[in-house]
Amino acid sequence: MRKKIVAGNWKMNTLPSEGMTLAKDVIAKSGQVNHDVELVVIPPFTHLSEIVKLASGTRVSVGAQNCAQWKSGAYTGEVSASMLQSLGVEYVILGHSERREYFGETNAELLEKIKIALDCKLKPIFCCGEKLNEREAGEHFQVVQQQVEESLFPLDDSSISNIVIAYEPVWAIGTGKTATAEQAQEMHAFIRNLLANKYGEATAETISILYGGSCKPSNAGEIFSKPDVDGGLIGGASLVADDFIAIAKSF
Ligand code: PGA
């Protein structure tokens, strides 16, 4: 059975003290969510140490929003996977469209980040998704296929099982425009089929594929009801504990 996951990507929001309040609130309310749903909070780097301590022994896991593609060395401003591992961080988002867009991250670089994260026992949440012009041109399947093939397919069978995929159509991120549940299902099934062709059906069936992009309490239920949608990567709505919990409760 695939894991159901609802993860909150806080992006560059909250000061450390505000982040602690938010994390405390999420932990306090986590009991309202079905036990088969894993809850993950993904704060900025500066908050990780304290929030990992806070969440330890609770059902809430902690992730980071990025890591470097190098082990260590003269890379000013970067944070390594082993640094995250040493804090007790469990997940790391890699390839978010904002990182691709503003920091020029490429599929090849992302493969390096994924490998190094896996070496450090972190679980990558690999983001993929097309831009509006690509969807309008009917190229969305091709774009996502290329992202998946170039960043994930060099991985072996045991590595791919430790990956979580997030399909996030760029036109739906922070715009209030959500993909329809049908559009999400169609792309998730497409991605699962790519995985099945490469790694076999049994492996593809174990990989969680999350939807991301303007997911909120009012639309999460319908999206999560689709057979290939295993949860959500939540941006804006994860900054309000009640909304984040309401989304997770819609499973
Ligand atoms: P959003 O962001 O929910 O604010 O659209 C999702 C994401 O970027 O992960």
Side-chain angles (χ1 to χ4, degrees), residues 4-14 18-19 22-23 26 37-45 47-48 60-67 89-105 110 113-114 117 122-132 134-135 140 143-144 147-148 151 163-181 183-184 187-188 191 208-224 226 229-251:
K4 295 175 183 172
I5 301 170
V6 176
N9 173 13
W10 296 3
K11 308 191 180 184
M12 198 176 72
N13 292 298
T14 72
E18 295 163 339
L22 177 55
V26 168
V37 179
E38 178 159 1
L39 295 170
V40 188
V41 293
I42 309 182
F45 289 130
H47 310 14
L48 285 171
V60 174
S61 308
V62 182
Q65 298 175 16
N66 183 31
C67 73
V89 168
E90 209 175 314
Y91 288 90
V92 60
I93 297 177
L94 293 173
H96 191 281
S97 61
E98 289 150 15
R99 302 283 325 166
R100 293 175 187 266
E101 172 84 13
Y102 306 136
F103 302 93
E105 291 189 355
L110 289 168
K113 291 189 179 206
I114 290 167
L122 299 171
K123 295 175 198 156
I125 301 177
F126 172 73
C127 301
C128 55
E130 80 286 357
K131 296 181 190 160
L132 183 59
E134 293 164 337
R135 179 160 282 263
H140 42 298
V143 167
V144 170
Q147 291 170 334
V148 168
S151 297
I163 302 279
V164 173
I165 297 175
Y167 168 58
E168 300 203 302
V170 180
W171 46 272
I173 295 179
T175 58
K177 267 191 221 160
T178 322
T180 63
Q183 285 172 321
M187 186 60 86
H188 285 223
I191 294 168
S208 300
I209 307 178
L210 317 183
Y211 169 79
S214 298
C215 203
K216 35 189 187 271
S218 58
N219 59 28
E222 198 189 343
I223 296 172
F224 293 172
K226 295 295 176 188
V229 178
D230 306 308
L233 182 56
I234 319 300
S238 72
L239 296 171
V240 178
D242 284 331
D243 287 350
F244 182 63
I245 293 293
I247 289 170
K249 278 166 76 175
S250 40
F251 261 122

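All ligand and atom numbering here is 1-based and tracks the order in the structure.
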>> Using the rule given for side chain to side chain donor-acceptor pair (under 3.5 Å), can you reason through Gln147 versus Tyr167, listing the C-alpha separation, both sets of side-chain angles and the distance that settles it, and then say yes or no?
In response: CA-CA 11 Å; Gln147 291 170 334; Tyr167 168 58; over 6 Å; no
> OG of Ser97 to NZ of Lys131: how many Å apart, nearest 0.5 Å?
Replying inline: 9.0 Å
>> Could you tell me, atom by atom, which parts of ligand 1 come under 4.0 Å of a heavy atom of Gly213?
In response: 5 (O)
>> Does atom CD (Glu222) have a neighbourhood of more than 12 heavy atoms from anything else shown, all under 6.0 Å?
In response: no
> Taking the non-hydrogen atoms of Ser214, is any one of them nearer than 4.0 angstrom to ligand 1?
Replying inline: yes
>> If the cut-off is 4.0 Å to any non-hydrogen atom of Lys11, which atoms of ligand 1 fall inside it?
In response: 2 (O), 7 (C), 8 (O)
> Is a side-chain N or O of Ser208 found less than 3.5 angstrom from the main chain of Asp230, in a donor-acceptor match?
Replying inline: no
>> Please list, in number order, the atoms of ligand 1 under 4.0 Å from a heavy atom of Gly236.
In response: 1 (P), 3 (O), 4 (O)
>> Name the residue from Leu22, Ile42, Ile234 that meets the side-chain contact (heavy atoms from CB on, under 4.5 Å) definition with Trp10.
In response: Leu22
> Counting heavy atoms only, which part of Asn9 comes closer than 4.0 Å to ligand 1: side chain, backbone, both or neither?
Replying inline: side chain
> Where the closest heavy atom to atom 5 (O) of ligand 1 is concerned, which of Gly235, Gly174, Ser238, Ala7 has it?
Replying inline: Gly174
> Applying a 4.0 Å heavy-atom criterion (strictly less than), which segment of Ala172 is in contact with ligand 1: side chain, backbone, both, or neither?
Replying inline: backbone
> Which ligand 1 atoms are under 4.0 Å away from a heavy-atom of Glu168?
Replying inline: 6 (C), 7 (C), 8 (O), 9 (O)
> What is the distance from atom OG of Ser214 to atom CH2 of Trp171, rounded to the nearest 0.5 Å?
Replying inline: 9.5 Å
> For Phe126, which residues count as a ring pair (Phe, Tyr, Trp, His ring centres under 6.0 Å) partner, sequence neighbours excluded?
Replying inline: none
> Less than 3.5 Å between some nitrogen or oxygen of His96 and one of ligand 1, yes or no?
Replying inline: yes
